[in-house]
Amino acid sequence: MKKKIMISAIVLLIVALVCYGLSAWFYYQGGLVMDGPGEFYQKMGQRARVCENLAKGFGITGAVLLVISFFVKKCRGNRRL
């Protein structure tokens with residue numbers, strides 16, 4: 001069980017990094033265009049915020065699972081003594 005928790009924590013942290021990269025890319029794309037319609041800027045800003053919020057959620061969840069994984073590992077290690 002602890003391996004599944006550790007693997008899911010690592011996967012969630014990697015997904016958080018990908019979402020953060022997408023957020024930065026959408027933010028960059030919104031600033032790259034100098035003469036575009038307002039809808040384009042609004043769409044890029046919205047995508048950047050959504051990806052940033054997803055990155056925060058996945059990152060926090062992955063960190064919590066990582067901490068839980070370490071506590072499970074430590075508690076099982078103390079039981080054997």
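Note that the structure is a prediction, hence the values are computed from the model and not measured.
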Item checked: ILVMFWY cluster, W25 and V50 together (side-chain gap under 4.5 Å) ->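 Unlinked, W25 and V50 end up in two clusters.
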Next item on the list: Would you mind listing every salt bridge (charged side-chain N to carboxylate O under 4.0 Å, His left out) that reaches into residues 43-66, with sequence neighbours excluded?
Entry: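 Every salt bridge (charged side-chain N to carboxylate O under 4.0 Å, His left out) pair that includes a residue of residues 43-66, provided the two are not neighbours, is E52-K56.
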Residues in side chain to side chain contact (heavy atoms under 4.5 Å, CB included) contact with [X], at least two apart in sequence or another chain:
{"X": "F58", "result": "L12, V15, A16, C19, L54"}
{"X": "Q42", "result": "none"}
{"X": "V33", "result": "F40, Y41"}

Note to self: Apply the hydrophobic cluster definition, ILVMFWY joined by side-chain contacts under 4.5 Å directly or through others, and give me every member besides M34.
What the structure shows: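 Result for M34 is none, singleton.
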Margin query: Using a 4.5 Å cut-off between side-chain heavy atoms of Ile, Leu, Val, Met, Phe, Trp and Tyr, which other residues end up in the same hydrophobic cluster as I10?
Written below: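 M6, L13, I14, L66, F70, which link up through side-chain heavy atoms under 4.5 Å apart, make up the rest of the cluster.
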Item checked: Main-chain N/O of I5 paired to S69 side chain as donor or acceptor, under 3.5 Å ->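 Flag not set: sc S69 to bb I5 has no pair under 3.5 Å.
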Note to self: How long is the straight-line distance from OH of Y20 back to SG of C51, given to the nearest 0.5 Å?
What the structure shows: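 Separation between the atoms: 12.0 Å.
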Note to self: So, taking the atom named CG in L22 and the one named CD in Q29, what distance separates them when rounded to the nearest 0.5 Å?
What the structure shows: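 Output value for this atom pair is 11.5 Å.
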Check: For V64, which of I68, T61, V67 qualifies under side chain to side chain contact (heavy atoms under 4.5 Å, CB included)?
Finding: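 Among I68, T61, V67, the one that satisfies the side chain to side chain contact (heavy atoms under 4.5 Å, CB included) with V64 is I68.
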